[in-house]
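Below you'll find the structure, written out as structure tokens, and then a few comments.
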Amino acid sequence: MEDINRLVKQRIEKYDAMKTEMGVAHFPNTYRKDTDVSAFTELYQAHGHDELLEVKTLHHMTGRIMAMRSFGKAAFIHFQDATGTLQAFFEKAKLGDEPYSLFKKLDIGDIIGLWGTPIKTRTGELSVYVQGFELLTKSFRPLPEKWHGLKDVDTRYRQRYVDLMVTPEVKQTFLLRTRIISRLRAYMDSHGFIEVETPMMQPIAGGATAKPFLTHHNALDMDLYLRIAPELYLKRLLVGGFERVYEINRNFRNEGLSTRHNPEFTMMEFYRAYADYTDLMRFTEDMVSSIARDVLGTEVITYQGTTIDLSTPWKRYTLKDATVEVGGVPREIMENRDKAVAFCKERGFDVTGSETLGELQLVLFEQTTEDKLTGPVFVTSYPTEVSPLSRKNNEDPSIVDRFELFIAGREIANAFSELNDPFDQRERFAGQLEKKEGPSEMDEDYIRALEYGMPPAAGEGIGIDRLIMLLTDSPSIRDVILFPLLRKGEVS
RNA sequence: GAGCCAGUAGCUCAGCCGGUAGAGCAUCGGACUUUUAAUCCGGUGGCCGAGGGUUCGAACCCCUCCUGGCUCACCA
């Protein structure tokens, strides 16, 4: 506490005085509660004033003082535990002179243990009629104002603990996050998938095209990358004989930050043998809509003012059709390389002119169509050149058996029938190396694994943070990550 | 990485055309035994993000930097 201001100093002095003059214990850890706020509320909410007068059960509770309204010889406080907020009534006549004067010295933010019986106040608010209390943890820093709360975004992210204390919606969002992920796991488990963990530190950062973070292992004197995707390891597990695997964990990408990008983000990847990408479309729509139903109680959600209906089945478009019908790009431009180049340059899209038709189609789709896909919509038939790990389509080898899922104009999932031909895979890796896209080294071991034989399979990655943004109506990815990455900065 | 916007008391915010810093809440003291942003009376509290410049004089104008937000780029 270098920046001790007068409010902090005041509280330190007050605490010292309480310990020396009033016999208050120093950060005690012996108090035990027997009732949570939510349990207390459930137990007594429905009962009337007179009924509660008959209740003699003493409830031991804990919480942080969030508000105090004090009169001469009585006072009300609101205190908060993990399950909710409750009012408590302190009375000098009940507590005695000394305990009451100790109570008067408590501050907003202090954590106390208290015991008492239920009462309904004159205004009908369920409260604890306090018989006794104990200061458990002194709070030395003042909490933000009760009415406006904590608004400063910088402080909210840097001092999330304060944000969580005083902003109920934030707490709610993160509780929802936990519930969504827990439902997701339950869904996967009940469909025969096993959860696995694969390396976060990888000698070759494969499975996606993104800049990796570099780190170093001293004892082995070996450079390692933080993974950008678990994909190649999960598929090795299909080779090994697991037929349904998934992993929910962090990926790290050394790219820019935005409302949709945090350098470390959570992704679920799963792989299913003897299935193709069309199976995964059905699987995905059922999974997401059922999680929405379980967690939010509805399949119709509102994201930033837009209503989105998640009920199945979801619309499907080829990339070309979507770009023509939703993006308004003339079909002949999507089908002719030279026209596409001219069109892109005219619109100021970032192209060099040496791109293939497939690469241009992706540019056109991303520039004109993506953010218009309120969805949910599956976009299929991606060009082969932009999909190095996907299986080629049987009828048309220029496209792959792949889809991306768009909701609210954002990519939520990416899935494809897996490429399991080791010779084709080697060629695609070689092509990437030549263009200096993706890893700087061929993952020979992955190709060797394919040479042993990987069953036909489909795999998918779902951006968990983005899914949670959607289901919690959060505008920024930082609102669904407890401690988003920020520059080193002084905390006020 | 680029552009735009913001940073004033613990918190939320005012502060006009450059004239020496304000409110509410919190805090401290006093009154008050059923309040709900309790009320009433009185007080304390500021490196105006940091550094430089212009000026008789800067929270305000100019420059640099720091931090954050939004948009764009790379990416999911």
Side-chain angles (χ1 to χ4, degrees), chain A residues 3-11 13-14 49 66-78 85 87-95 100 104-105 107-109 119-125 127 129 139-159 162-163 166-167 207-212 228-229 250-269 348-350 366-367 370 404-406 410-414 437-438 461-467 469 475-479 484 486-492:
Chain A
D3 58 333
I4 292 184
N5 66 39
R6 66 178 212 293
L7 295 170
V8 174
K9 214 170 155 191
Q10 222 164 55
R11 287 188 178 206
E13 285 164 1
K14 204 190 257 189
H49 174 265
M66 301 306 290
M68 306 180 86
R69 289 177 296 279
S70 164
F71 305 83
K73 297 186 181 68
F76 293 90
I77 69 162
H78 273 104
T85 302
Q87 181 169 263
F89 180 51
F90 288 74
E91 208 178 23
K92 190 172 188 175
K94 187 80 191 179
L95 294 163
Y100 194 76
K104 296 272 273 187
K105 292 226 177 311
D107 286 307
I108 289 170
I119 49 157
K120 278 264 167 90
T121 63
R122 193 173 286 167
T123 51
E125 180 168 342
S127 310
Y129 182 27
S139 173
F140 294 103
R141 288 180 180 273
L143 252 39
E145 195 212 335
K146 60 189 165 192
W147 190 241
H148 295 93
L150 187 58
K151 288 265 179 64
D152 185 79
V153 222
D154 196 5
T155 313
R156 285 190 41 220
Y157 295 153
R158 284 186 201 281
Q159 295 177 253
V162 179
D163 196 23
V166 302
T167 322
T209 53
K211 289 189 208 84
I228 58 175
R250 224 65 68 78
N251 290 343
F252 307 86
R253 299 192 181 175
N254 207 339
E255 311 277 359
L257 290 74
S258 80
T259 46
R260 287 171 291 278
H261 302 86
N262 195 62
E264 51 177 315
F265 64 103
T266 302
M267 180 115 124
M268 175 167 86
E269 280 199 17
F349 303 159
D350 187 23
E366 285 173 348
Q367 293 290 330
E370 217 176 87
E404 288 196 353
L405 166 64
F406 291 89
R410 288 175 192 171
E411 186 191 334
I412 300 292
N414 180 20
E437 289 166 358
I462 299 181
I464 297 302
D465 309 289
R466 289 186 181 177
L467 180 65
M469 285 169 70
S476 170
I477 198 167
R478 295 186 193 100
D479 297 326
L486 299 172
R487 279 190 174 82
K488 263 170 133 179
E490 288 300 306
V491 167
S492 60

Is B:C32 in the syn or the anti form, by the rule that syn lies within 90° of 0? anti
Could you check whether the side chain of A:Glu125 and the base of B:U35 have a donor-acceptor pair of N or O atoms closer than 3.5 Å, going by distance alone? no
Atom C1', compared across B:C17 and B:C13: separation rounded to whole Å: 23 Å
Would you check if A:Arg250 and A:Phe265 make a side-chain contact, meaning some heavy-atom pair closer than 4.5 Å? no
Looking at B:U35, I'd like to know if its phosphate oxygens (OP1 or OP2) sit under 4.0 Å from a side-chain N or O belonging to A:Arg69. no
Specify the residue among A:Asp465 and A:Ser127 whose closest nucleotide of RNA chain B lies further upstream toward the 5′ end. A:Ser127
How long is the line joining CG of A:Asp154 and C1' of B:C70, in whole Å? 15 Å
From the list B:A76, B:G69, B:G10, which nucleotide is the closest neighbour of the side chain of A:Arg478? B:G69
Looking across every strand, which nucleic acid part, if any, lies under 4.0 Å from A:Lys211 by heavy atom: base, sugar-phosphate, or nothing? sugar-phosphate
Contact class for A:Gly463 vs. all strands (heavy atom < 4.0 Å): base, sugar-phosphate, or nothing? nothing
For the side chain of A:Leu150, counting heavy atoms from C-beta on, which of B:G68, B:U12, B:U35 is nearest? B:U12
Between B:U34 and A:Arg122, counting only base atoms on the nucleotide and side-chain atoms on the residue, is there a donor-acceptor pair under 3.5 Å? no
Under 4.0 Å, counting only non-hydrogen atoms across every strand here, what does A:Ala93 touch: a base, just sugar-phosphate, or nothing? base
Looking only at atom P, what distance separates B:C16 and B:C62, rounded to whole Å? 14 Å
If every non-hydrogen atom of A:Met267 is compared with every non-hydrogen atom of A:Ile464, which pair is closest and at what distance? C-CG1, 3.9 Å
Tell me the interatomic distance from A:Glu13, atom CD, to B:U44, atom P, rounded to whole angstroms. 18 Å
Any-strand Watson-Crick or G-U partner of B:U12, both distances under 3.5 Å: B:A23
On a heavy-atom basis, which atom in A:Phe71 and which in A:Tyr100 lie closest, and how many Å separate them? O-OH, 4.1 Å
Take nucleotides 22-32 of chain B nucleotide by nucleotide from the 5' end and write B, S or -, depending on whether a protein heavy atom sits under 4.0 Å from the base, only from the sugar-phosphate, or from neither. --BBBSS---B
Under a 3.5 Å limit on both distances, the Watson-Crick or wobble mate of B:U64 is B:A50
Mind checking the P distance from B:A9 to B:G22? Whole angstroms is fine. 14 Å
For residues A:Pro142 and A:Ile108, determine if any side-chain heavy atom of one lies less than 4.5 Å from a side-chain heavy atom of the other. no
To the nearest angstrom, the CZ-C1' distance between A:Phe89 and B:A38 comes to 14 Å
Interatomic distance, A:Arg156 CZ vs B:U12 P [rounded to whole Å]: 11 Å
Please measure how far the P atom in B:C40 lies from the corresponding atom in B:U35, and state the result in whole Å. 15 Å
Among the candidates B:U33, B:U67, B:U34, find the nucleotide nearest to the side-chain atoms of A:Arg158. B:U67
Taking atom C1' in both B:U34 and B:G10, compute the distance separating them and give it to the nearest angstrom. 30 Å
Atom-to-atom span, CG of A:Asp152 to C1' of B:U67 - whole angstrom: 10 Å
Counting only side-chain nitrogens and oxygens, does A:Arg253 get under 4.0 Å of the OP1 or OP2 atom of B:A76? yes
Using the P atom as the point on both nucleotides, what is the distance between B:U39 and B:C25, in whole Å? 7 Å
Grab the two heavy atoms, one from A:Ile228 and one from A:Thr209, that are nearest each other, plus how far apart they are. CD1-N, 4.5 Å
Just one of A:Asp154, A:Val153, A:Thr155 clears the side chain to side chain contact (heavy atoms under 4.5 Å, CB included) bar with A:Tyr157, so which one? A:Val153
Scan A:Leu257 against the nucleic acid and name what it touches under 4.0 Å (heavy atoms): base, sugar-phosphate only, or nothing. base
For atom C1', what is the distance between B:U55 and B:C60, given to the nearest Å? 13 Å
Go through the steps to decide whether A:Thr121 and A:Phe89 satisfy the test side-chain contact (heavy atoms from CB on, under 4.5 Å), and finish with yes or no. CA-CA 9 Å; A:Thr121 63; A:Phe89 180 51; 5.7 Å; no
Spacing of A:Met268 atom CE relative to B:A76 atom C1', expressed in whole Å: 15 Å
Donor-acceptor pair, distance only, cut-off 3.5 Å: does the side chain of A:Asp465 make one with the backbone of A:Thr266? yes
Heavy atoms under 4.0 Å, any strand shown: does A:Gly461 hit a base, just sugar-phosphate, or nothing? nothing
Does A:Glu411 reach a base, just sugar-phosphate, or nothing at all? Heavy atoms under 4.0 Å. sugar-phosphate
A:Arg487 CZ to B:G68 C1', straight-line distance once rounded to whole Å: 9 Å
Rounded distance in Å between the C1' positions of B:G57 and B:U64: 23 Å
Would you check if A:Pro484 and A:Ile477 make a side-chain contact, meaning some heavy-atom pair closer than 4.5 Å? no
Whom does B:G3 pair with, Watson-Crick or G-U wobble, provided both distances fall under 3.5 Å? B:C70
For B:U55, the nucleotide meeting Watson-Crick or G-U wobble distances (both under 3.5 Å) is none
Taken in chain and number order and not counting sequence neighbours, the residues that satisfy side chain to side chain contact (heavy atoms under 4.5 Å, CB included) with A:Lys73 are A:Lys92
If you assign A:Pro263 and A:Ser476 each to the RNA chain B nucleotide with the nearest heavy atom, which residue ends up on the more 5' nucleotide? A:Ser476
Partner nucleotide of B:G42 by Watson-Crick or wobble geometry (both distances under 3.5 Å): B:C28
Atom CD of A:Gln87 and atom C1' of B:A37: how far apart are they, to the nearest Å? 14 Å
